[in-house]
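Beneath this line is the structure, given in structure tokens, with notes to follow.
Letters go in sequence order (proteins before strands), and every chain restarts at 1.
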Amino acid sequence: MLDAKMVRAKPELVEIALRHRNQIGLLENFLALDSQRRILLVEAEEIKKFRNQASQEVGQQMKQGQNSEKLVERVRQAGQKIKELDQKISEVEANIENIMLNLPNLPDASVPVGPNEESNQLVRVWGEPRQFEFEPQAHWDIGPNLGILDFERAAKLSGARFTVYRGVGARLERALVNLFLDIHIYEHGYEEIFPPFMVNRECMVGTGQLPKFAEDMFKIEGREMYLVPTAEVPLTNLYREEILDEKDLPRYMTAYTACFRAEAGSHGRDTRGVIRQHQFNKVELVKLVTPEKSFEELETMTHNAETVLQRLELPYRVVLLSTGDMGFSSAKTYDLEVWMPSYNEYKEISSCSNCLDFQARRANIRYRPASKERIRYVHTLNGSGVAVGRTVAAILENYQQRDGSVVIPTALRPYMGGLDRIG
RNA sequence: GGAGAGAUGGCCGAGUAGGCUGAAGGCGCUCGCCUGCUAAGCGAGUAUACGGCUAGUAACUGUAUCGAGGGUUCGAAUCCCUCUCUCUCCGCCA
């Protein structure tokens with residue numbers, strides 16, 4: 001959520017920033033409702049002031065045995081008026097809230113302006129795509145051929161966009177989770193968290209999935225509970241409605257969770273393989289930091305995610321997303337894209353974002369500065385460290401051999417019981 | 001699933017025949033004093049949100065907030081209703 005006072009003070013700037021995000025005309029109603037709200041507030045508060053004083057007076061008079069009927073009657077009427085005004089105010093506030101909850105974060109000044117991913121900015125490239133001396137296969141062929149991915153039976157169980165991992169494939173998935181977690185816990189200093197995979201509505205609003213993107217979520221029938229679309233949701237919301245001490249910051253947290261996405265509106269995209277699934281595994285990184293530090297924390301978080309790909313010796317590049325390609329809650333996002341031979345291009349495998357105080361404001365996560373200034377919102381960051389299914393795909397494709405077998409990256413072998421090759 | 005208890009400020013914890021309690025007391029924290037150092041001691045201070053007024057995120061001022069929402073009342077942390085959560089016992093279960 002944006003700071004309403006800031007929007008009120010500089011609507012033109014906000015308008016421009018929103019236009020860069022392809023969001024137009026969302027502010028018109030806000031300004032009108034906002035001033036209406038303040039007019040109503042002043043009126044209601046004045047009457048409440050009268051009521052407070054008058055009802056106290058009534059108490060005094062009653063104690064002294066005086067007749068206070070007239071005053072009582074006036075207060076009664078004031079109470080009626082207050083009820084009406086409060087009613088109006090809460091309607092107006094509901095409208096304002098609705099607008100505010102649907103406004104995306106504003107892009108940072110360092111973000112390239114552009115309508116879509118075409119405007120993304122290449123930041124750096126690591127490693128080089130391998131030159132195959134044979135025709136490389138796609139992971140959706142490699143996996144089934146090795147008997148480690150079973151798409152057909154997954155469809156029988158759950159439909160499209162699900163995969164069954166079996167045998168060494170299942171172990172590969174599990175090994176990657178453990179490798180990623182170990183790197184972030186023991187090398188990068190993140191606290192390991194194992195959160196619930198279902199969360200309530202407040203959490204989903206807190207990180208920005210709701211109310212705008214309800215159709216992307218899996219909701220539990222008959223309950224206000226949602227399957228987590230990313231561990232970012234439970235991790236960030238761990239401190240919802242809390243006031244932290246500055247000495248408790250920064251907080252670095254990492255978690256493995258399954259992630260569940262309805263993928264509404266992505267029909268026909270990435271239909272083959274494990275790239276776009278309704279359920280996938282991910283190790284997520286989340287940071288809560290002081291505002292002064294958030295941009296440098298974004299850099300280190302991105303490097304933390306890169307470490308995983310470097311350890312696996314997978315070629316990737318880092319891209320700074322343009323204003324038109326960023327997620328709703330983010331002010332600045334780096335994507336990590338891993339080389340995928342089947343696509344003959346780099347595919348997103350991690351997304352690292354600085355959300356500034358946007359989520360903190362929604363989730364009401366604040367901290368008390370050591371210097372005794374007033375309480376402030378923390379800044380929140382999140383990043384994939386990294387998507388596990390896509391890593392499996394990348395390993396299968398980048399490490400495939402002419403005979404159909406797949407070499408296991410060295411760093412992963414201890415997690416695979418020493419196995420150095422599949423097939 | 002059955003029975004009962006409870007939700008108050010950063011924490012603990014008072015507060016029911018409804019009124020001057022934003023809220024006693026303690027702890028913690030901050031500042032000052034004291035002190036060879038530390039500790040102890042003494043004094044003062046210490047909620048948040050949204051408004052008004054302002055050059056002002058200063059001061060002043062108003063309103064709201066004692067789990068959430070609604071009701072009764074001139075007036076509710078205190079009475080009534082609904083919901084949520086926590087705890088105890090029983091049952092069931094990985």
Side-chain angles (χ1 to χ4, degrees), chain A residues 1-10 30-97 99-101 194 196-206 220 222-226 234 237-249 251 288 290-292 356-357 360-379:
Chain A
M1 203 150 49
L2 301 178
D3 179 0
K5 285 182 193 162
M6 187 272 291
V7 177
R8 186 191 304 154
K10 312 175 195 170
F30 169 80
L31 295 170
L33 287 167
D34 182 63
S35 72
Q36 192 188 347
R37 168 174 175 269
R38 277 177 294 152
I39 290 166
L40 290 169
L41 262 185
V42 170
E43 195 183 349
E45 287 182 0
E46 259 166 31
I47 302 177
K48 284 178 184 176
K49 182 182 179 185
F50 162 74
R51 178 178 67 178
N52 287 346
Q53 291 174 341
S55 60
Q56 228 176 73
E57 229 171 280
V58 170
Q60 306 268 340
Q61 293 180 356
M62 282 178 143
K63 234 174 237 167
Q64 295 164 17
Q66 298 175 6
N67 183 325
S68 44
E69 260 177 56
K70 265 192 183 155
L71 191 51
V72 166
E73 183 50 33
R74 280 179 65 201
V75 178
R76 200 199 306 271
Q77 283 168 7
Q80 202 54 42
K81 184 73 183 161
I82 287 170
K83 209 176 233 177
E84 288 167 24
L85 285 169
D86 277 349
Q87 174 76 25
K88 265 189 221 165
I89 289 170
S90 62
E91 275 169 29
V92 170
E93 287 186 337
N95 284 330
I96 291 174
E97 165 129 320
I99 292 172
M100 293 306 280
L101 285 177
F194 194 76
F197 290 9
M198 288 187 221
V199 296
N200 58 29
R201 184 186 167 79
E202 287 71 29
C203 290
M204 297 293 267
V205 172
I220 308 300
R223 290 174 179 262
E224 280 301 320
M225 296 284 282
Y226 299 80
N237 277 286
L238 266 185
Y239 292 98
R240 184 159 51 82
E241 307 290 344
E242 290 194 36
I243 300 172
L244 302 166
D245 278 326
E246 180 166 0
K247 64 175 160 45
D248 297 326
L249 298 176
R251 294 220 70 82
L288 306 184
T290 56
E292 292 73 21
L356 305 180
D357 62 0
R361 203 176 283 283
R362 290 173 158 250
N364 204 23
I365 309 170
R366 296 172 294 173
Y367 78 101
R368 207 178 296 283
S371 52
K372 261 306 183 190
E373 309 161 49
R374 54 192 294 106
I375 287 173
R376 300 204 282 168
Y377 288 107
V378 303
H379 280 192

Rounded to whole Å, please give me the gap between [atom1] in [X] and [atom2] in [N].
| X | N | atom1 | atom2 | value |
| --- | --- | --- | --- | --- |
| Tyr377(A) | U48(B) | OH | P | 12 Å |
| Glu93(A) | A49(B) | CD | P | 16 Å |
| Glu45(A) | A49(B) | CD | P | 16 Å |

### Query
Residues in side chain to side chain donor-acceptor pair (under 3.5 Å) with Glu246(A), at least two apart?
none
### Query
Who are the side chain to side chain donor-acceptor pair (under 3.5 Å) partners of Arg76(A), not counting sequence neighbours?
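So Arg76(A) forms a side chain to side chain donor-acceptor pair (under 3.5 Å) with Glu73(A).
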[X]: salt bridge (Lys or Arg N to Asp or Glu O under 4.0 Å) partners, not counting sequence neighbours:
| X | value |
| --- | --- |
| Asp248(A) | none |
| Lys247(A) | Asp245(A) |
| Arg240(A) | none |
| Glu97(A) | none |

### Inter-nucleotide P distance (A24(B), U8(B)), Å rounded
16 Å
#### Entry: Partners passing ring pair (Phe, Tyr, Trp, His ring centres under 6.0 Å) against Phe50(A) (at least two apart in sequence or in another chain)
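Applying ring pair (Phe, Tyr, Trp, His ring centres under 6.0 Å) to Phe50(A) gives none.
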### Task
Mind checking Asp245(A) for me? I need base, sugar-phosphate or nothing, with any heavy atom below 4.0 Å counting as a touch.
nothing
### Task
With sequence neighbours left out, write down each residue that passes side chain to side chain contact (heavy atoms under 4.5 Å, CB included) with Lys5(A), or none if nothing qualifies.
Asp3(A), Arg8(A)
### Query
With Ala32(A), which residues qualify under side chain to side chain contact (heavy atoms under 4.5 Å, CB included), at least two apart?
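Ala32(A) satisfies side chain to side chain contact (heavy atoms under 4.5 Å, CB included) with no other residue.
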### Summary
Dot-bracket for RNA chain B, 5' to 3', Watson-Crick and G-U pairs with both distances under 3.5 Å, [ ] for crossing pairs, | for partner on another strand, reads ((((((((.[[[..)...(.....]]]((((((.......))))))((((((.......)))))).[[[[[..)....]]]]])))))))....
### Task
Side chain of Lys83(A) only, please: which of G62(B), U48(B), U72(B) is the nearest?
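So the nucleotide nearest the side chain must be U72(B).
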Find every protein N or O atom lying less than 3.5 Å from an N or O atom of nucleotides 74-78 of chain B, and list the pairs.
residue	atom	partner	partner atom	Å
C74(B)	OP1	Arg76(A)	NH1	3.2
C74(B)	OP2	Arg76(A)	NH1	2.9

### Query
Considering only heavy atoms, which members of residues 31-41 of chain A lie under 4.0 Å from some atom of RNA chain B?
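Result for residues 31-41 of chain A: Arg37(A), Arg38(A), Leu41(A), sorted by number.
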### Query
Quick one: do Lys81(A) and Glu46(A) make a salt bridge, cutoff under 4.0 Å?
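Here Lys81(A) does not pair with Glu46(A) in a salt bridge, since their nearest N and O are not under 4.0 Å apart.
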